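Read through the structure below, which is laid out as structure tokens, and then see the notes.
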Amino acid sequence: MDKAELQEKVCSILAEQLAIPVEKVTPEARFSEDLDADSLDLVEAVLALEEEFGVSIPEEEMEGVKTVGQAVDLVATKLGADA
Amino acid sequence: MGEERVALVTGASRGIGRAAGLALARAGSPVAFGYRSDPVNAEEAAAKVAAEGGRAMAVPIDVADEASVAAAFDRVEAGLGPVRVLVNNAGFSRDGLAVKYPTGAWDDTMDVNLRGAFLCSRRALAGMLRARWGRIVSVASVAALRGNAGQIAYSASKSGLLGLTRSLAREVGGRGITANAVCPGYVETAMTEATRQDNVRRYLDVTPAGRAGTPEEIAAVIAFLASPEASYVNGAVVPVDGGMTA
């Protein structure tokens, strides 16, 4: 899976999880300010990403993730590391 | 058949846990009877459910051990389905006055009563969040509500369990998940067998009911809190103590 495909997949999962239109889920979008996601929404999104991609994302690695793009990067790193 | 709400009860080979498992089964849940050291009685309880036409299994689980908790949930999910009802019942009690209380007994008490409830709740929550439905019922004690001379560790751990319950209730209450606690008074079980007779007399003297409770009387409240009908009860601490703390 290349980065564009990965981004598309992550965005669609996030859109579904946060119950928002996928067009709003851009790489620049900030979870709390732009997408109105609270901390539990984020944890649920991470659970969904973990399940979809078969990766494990510890809590301390979630902390720096403020935007959709950062979430995509984190999953990409995980897939690279876990591959 | 409606959606089955699989229940896992820890410490369910006897006493309150066993009675809770049987009550949940009679309310229609497939039930996993968790045990640490007594497979025979846990299997017997599961067989009793099966004989009454329900689905049940016995599953080994040492709640203080993360790997054991993970393995137990995996087995229950494979055997019965995703866990939607968790009863944190496994408990450890050793009485002793604070000034001489052994550090190891303190650690054992916290490991089972508090860390165990945390580990099981955390593991259960992922699936409950996905399902947007879940029930966590923790078995605390009247010792969580009142201090009790000779029960420093037990009382502290059970008070902690109420904090866990209330914080969970706030965290996940918006997702169709509830977390509640029951506080049994004096109930005659294997765990309270070691209670000294003068202490038993003292408990009963301050209990308006004038008698010990039965595991079934605690189980009935647990089963209610675990039911769909209890959907608006969240973060509640329910004494089931014959009036002892009234």
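Bear in mind that the values here come from a model prediction, so they are computed numbers and not experimental data. Chain identifiers are assigned alphabetically (A, B, ...) following the order of the sequence lines, protein sequences preceding nucleic acid strands; residue numbering begins at 1 within each chain. For the numbers below, each heavy atom of this structure counts, side chains included, while hydrogens, waters and symmetry mates do not.
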More than 12 foreign heavy atoms under 6.0 Å from [atom1] of [X]: is that the case here?
| X | atom1 | answer |
| --- | --- | --- |
| B:Arg122 | CZ | yes |
| B:Arg94 | CZ | no |
| B:Arg84 | CZ | yes |

Among A:Leu47, A:Asp38, A:Leu40, A:Val43, residue most engaged with chain B (heavy-atom pairs, under 4.5 Å): A:Leu40
Portion of A:Glu51 that has a non-hydrogen atom of chain B nearer than 4.5 angstrom: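 Only the side chain of A:Glu51 comes within 4.5 Å of chain B.
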Residue pair A:Glu44 / B:Arg175, side-chain heavy-atom distance below 4.5 Å: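 Answer yes - side chains close enough.
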Qualifying side-chain hydrogen bond (donor to acceptor under 3.5 Å, both in side chains) pairs with a residue from residues 7-21 of chain A, counting only residues at least two apart or across chains: A:Lys9-A:Glu52
